[in-house]
Amino acid sequence: MKWVYIEDIAKYVGEKVELRGWVYNKRSSGRVRFLLIRDGTGILQCTIFSPEKEHPLFDKFEELTQESSLIVRGKVKEDKRAPGGYELEVEDIEIIHIAKDYPITPKPHGVSFLMDHRHLWLRSVRQHAILQIRAEVIRAIRDFFDGRGFRLMDTPILTPSACEGTTTLFETKYFDEKAYLSQSGQLYNEATAMAFGKVYCFGPTFRAEKSKTRRHLLEFWMVEPEVAFATLNDIIELAEDLVVYIVSRVLDKRKKELETLNRDTKPLEKIAKPFPRITYKDAIKILKEKGFKIEFGDDFGAPEETILSNSFEKPVCVTRYPLKVKAFYMQPDPENPDLALCVDMLAPEGYGEIIGGGQRIHDYDLLLQKIKEHNLPIENYQWYLDLRKYGSVPHAGFGLGIERTVAWICKIDHIRETIPFPRMLYRMYP
RNA sequence: UCCCCGGUAGCUCAAUCGGCAGAGCGGGUGGCUGUUAACCACUAGGUUGCAGGUUCGAGUCCUGCCCGGGGAGCCA
């Protein structure tokens, strides 16, 4: 008998097939038994009928508990009464393993309990939908860059010092030396961009900030393109194209999952080019009009970002922040040397920053001066300065946070559900 | 690091003014011929986070600690 997956079940109506999976739930009513089986691709209702009170399959049904693993064989039928429209008329049950006292029931649980059981929580319908969308987002990102001739360049996780010199890093040992877990692949990608023209890296990044909010993880995934000869405007366009591509791909391929999450897709359907662009100065004006006590030169806090994000239907690109609130490598605006040629993209519906990027300094002397001003150890940046010594060109790039993007697309309120095993302040188990 | 909230059965929660610690789910037993987080009946299940204090009497009030959640700063 053919082993099939539930996501393909419609193709087998009228045929006898085999399913391999786990018991999601079971119900009974008199001489009818309902077994909800999940196999990782979906959930299917399996039915057992008997005109007699006793039946060998009833005995096996009784034995089964939530999350017990099994193989069922039977005939696929179309039936409007079944959730999903299809069901399996069971002819044979082969029990593989009986699960005893599965802790997560089909009833509500608290966050703390669910996080302690994250390894099992992943089996639930909602987590399944979110992580399917995450996988789709990642696939879309790779297709987008690969399709545009970008070269994948994996950057190191173990680094000798801070990339940006701003956030706190996780420290580890490198034999007798100290090493730090990477917080960005950008600096290395400036080197690979000079070798390959347009590149991207995609990997985990680490921030040892003691952030305890719904939009922070200590370990998260980021995609970072870097393009030689590109200016600020070039990468804003690239960022727009990328976000439009990701959203339309999820709308196209993961409609069912969005529905599972009760995600209203109308706001997502509006995501098209061009996105609104405002300068930092405009943003300050908007915030002041809304009654915020904020002055030119201040960076935005979470409430400010939420207000800006809610002010537009599409992601908004905020450009030209004051240099002093940004990283040392930011290229100054030729029209106003106090401003940086940078961009932050804020996702709508209150989600806030999903992209940060900009044009990098390509002048050797200016970069050297900034490294000194920021008290960074020059010996660690010799190679980075070299890039400005041998055929330096203007270049730009950005980083997009995967988890924040997934949280926005799914419209879920906490980032911890967008990665299989979140690493958070005071929580490293499981 | 700071601010706010919480910790009672395996889970989600209730417990009036300080007066016998309870319900639903889950488990067990039985019932029901189409269930939809099924339903109905019965049943077992407690160191009320920990330590101390006030009181005739503390889940409830006080002090300290531990753990968790939310937020701030910082950032994607």
Side-chain angles (χ1 to χ4, degrees), chain A residues 24-36 43 45-53 55 58 62 65-67 77 79-85 87 89 99-117 120 124-126 163-164 166-169 183-186 204-224 239 298-306 325-327 343-347 351-357 398-408 413-416 418-419 424-427 429:
Chain A
Y24 187 72
N25 201 358
K26 60 177 198 174
R27 293 184 277 267
S28 69
S29 174
R31 308 284 150 85
V32 200
R33 301 287 187 274
F34 298 97
L35 204 49
L36 290 157
I43 294 174
Q45 174 163 287
C46 303
T47 55
I48 310 166
F49 293 91
S50 168
E52 308 300 322
K53 201 179 168 183
H55 191 280
F58 281 5
E62 291 309 321
T65 56
Q66 195 190 350
E67 288 303 320
K77 289 173 66 182
D79 194 315
K80 285 205 177 75
R81 291 168 297 185
E87 62 185 23
E89 210 174 80
K100 204 169 177 302
D101 301 327
Y102 186 70
I104 302 176
T105 68
K107 297 288 176 184
H109 296 281
V111 171
S112 180
F113 177 81
L114 288 169
M115 287 307 300
D116 285 341
H117 296 84
L120 303 176
S124 74
V125 171
R126 176 183 158 86
C163 281
E164 308 191 3
T166 49
T167 49
T168 321
L169 301 177
Q183 56 163 297
S184 165
Q186 182 206 314
T205 58
F206 307 86
R207 307 270 164 102
E209 291 289 337
K210 295 207 167 177
S211 298
K212 208 170 146 54
T213 80
R214 68 183 68 194
R215 53 177 96 179
H216 288 89
L217 294 172
L218 303 190
E219 180 182 317
F220 65 96
W221 286 66
M222 189 156 68
V223 60
E224 294 174 281
D298 297 340
D299 203 356
F300 306 136
E304 287 87 353
E305 219 178 89
T306 305
V325 302
K326 289 290 175 181
V343 58
D344 278 6
M345 188 190 287
L346 312 182
Y351 277 88
E353 188 172 358
I354 54 170
I355 282 178
F398 64 84
L400 174 136
I402 302 306
E403 289 77 14
R404 284 186 181 179
T405 303
V406 174
W408 161 52
D413 65 0
H414 204 299
I415 199 169
R416 65 185 157 216
T418 64
I419 186 167
M424 298 181 295
L425 192 58
Y426 309 132
R427 189 179 273 288
Y429 177 92

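In what follows, every chain begins at residue 1, and chains take the letters A, B, ... in the order their sequences are listed. Any value given below was found using the heavy atoms of this structure, including those in side chains, with hydrogens, waters and symmetry copies removed.
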Student: Starting at atom NZ of A:K80, determine the distance to atom P of B:rU35, rounded to an integer number of angstrom.
Tutor: 16 Å

Student: For nucleotides B:rC11 and B:rU1, find the distance between their P atoms and express it as a whole number of Å.
Tutor: 29 Å

Student: Does A:R207 make a cation-pi contact with A:F220, if we ask for NZ or CZ under 6.0 Å from the ring centre and within 45° of the axis?
Tutor: no

Student: Which nucleotide sits closest to the side chain of A:R31: B:rA72, B:rU33, B:rU35?
Tutor: B:rU33

Student: Classify A:T205 by what it touches in the nucleic acid, base, sugar-phosphate, or nothing, heavy-atom distance under 4.0 Å.
Tutor: nothing

Student: Does B:rU33 have OP1 or OP2 sitting under 4.0 Å from an N or O in the side chain of A:R33?
Tutor: no

Student: When you compare B:rG10 with B:rC32, how far apart are their C1' atoms, in angstrom units rounded to a whole number?
Tutor: 28 Å

Student: Does one side chain, of A:E224 or A:S184, offer a donor that lies under 3.5 Å from an acceptor on the other?
Tutor: yes

Student: Taking the P atom of each, how far is B:rC67 from B:rU29, in whole Å?
Tutor: 41 Å

Student: Could you tell me how far B:rA58 sits from B:rG18 if I compare only their P atoms? Round to whole Å.
Tutor: 14 Å

Student: Base, sugar-phosphate, or nothing: which does A:E87 touch, judged by heavy atoms less than 4.0 Å apart?
Tutor: base

Student: Provide the distance between the two C1' atoms, one in B:rA14 and one in B:rU54, to the nearest whole Å.
Tutor: 27 Å

Student: Taking 5.5 Å and 30° as the limits, would you call A:F220 and the base of B:rA76 a stacked pair?
Tutor: yes

Student: Tell me the interatomic distance from A:L425, atom CG, to B:rU1, atom P, rounded to whole angstroms.
Tutor: 9 Å

Student: Which is it for A:K26 and A:C46 under the side-chain contact (heavy atoms from CB on, under 4.5 Å) test, yes or no, and what are the steps along the way?
Tutor: CA-CA 9 Å; A:K26 60 177 198 174; A:C46 303; over 6 Å; no

Student: Can you tell me the distance, in whole Å, between the CZ atom of A:F58 and the P atom of B:rG31?
Tutor: 12 Å

Student: What is the distance, rounded to the nearest whole Å, between atom CE of A:M115 and atom C1' of B:rC67?
Tutor: 15 Å

Student: For the pair made of CD1 in A:I48 and P in B:rU35, what is the distance, rounded to whole Å?
Tutor: 17 Å

Student: Counting only side-chain heavy atoms from C-beta out, which of B:rG34, B:rG69, B:rA72 sits nearest to A:V32?
Tutor: B:rG34

Student: Which dot-bracket string fits RNA chain B when only Watson-Crick or G-U wobble pairs with both atom distances under 3.5 Å count, crossing pairs get [ ], and | stands for a partner on a different strand?
Tutor: (((((((..((((.....[..)))).(((((.......))))).....(((((..]....))))))))))))....

Student: For nucleotides 11-14 of chain B, list the nitrogen or oxygen atoms of the protein found under 3.5 Å from its nitrogen or oxygen atoms, one pair per line.
Tutor:
{"residue": "B:rC11", "atom": "O2'", "partner": "A:H109", "partner atom": "ND1", "Å": "2.4"}
{"residue": "B:rU12", "atom": "OP1", "partner": "A:G110", "partner atom": "N", "Å": "3.0"}
{"residue": "B:rU12", "atom": "O4'", "partner": "A:P108", "partner atom": "O", "Å": "3.4"}

Student: Look at the side chain of A:A302 and decide which nucleotide, out of B:rG68, B:rG34, B:rA72, has an atom nearest to it.
Tutor: B:rA72

Student: Between protein and nucleotides 40-49 of chain B, what N or O pairs are separated by less than 3.5 Å?
Tutor:
none

Student: For nucleotides B:rC25 and B:rG19, find the distance between their C1' atoms and express it as a whole number of Å.
Tutor: 30 Å

Student: Quickly work out the A:M222 CE to B:rA76 C1' distance and round it to whole Å.
Tutor: 6 Å

Student: Mind calculating the distance between CZ (A:R404) and P (B:rC74) to the nearest angstrom?
Tutor: 13 Å

Student: Could you check which of B:rU33, B:rC32, B:rG73 has an atom nearest any side-chain atom of A:T213?
Tutor: B:rG73

Student: Which value, in whole Å, describes the distance between the C1' atoms of nucleotides B:rU60 and B:rG49?
Tutor: 16 Å

Student: What integer distance in Å separates A:Y429:OH from B:rC67:C1'?
Tutor: 16 Å

Student: Between B:rG73 and B:rC3, how far is it from one C1' atom to the other, in whole Å?
Tutor: 12 Å

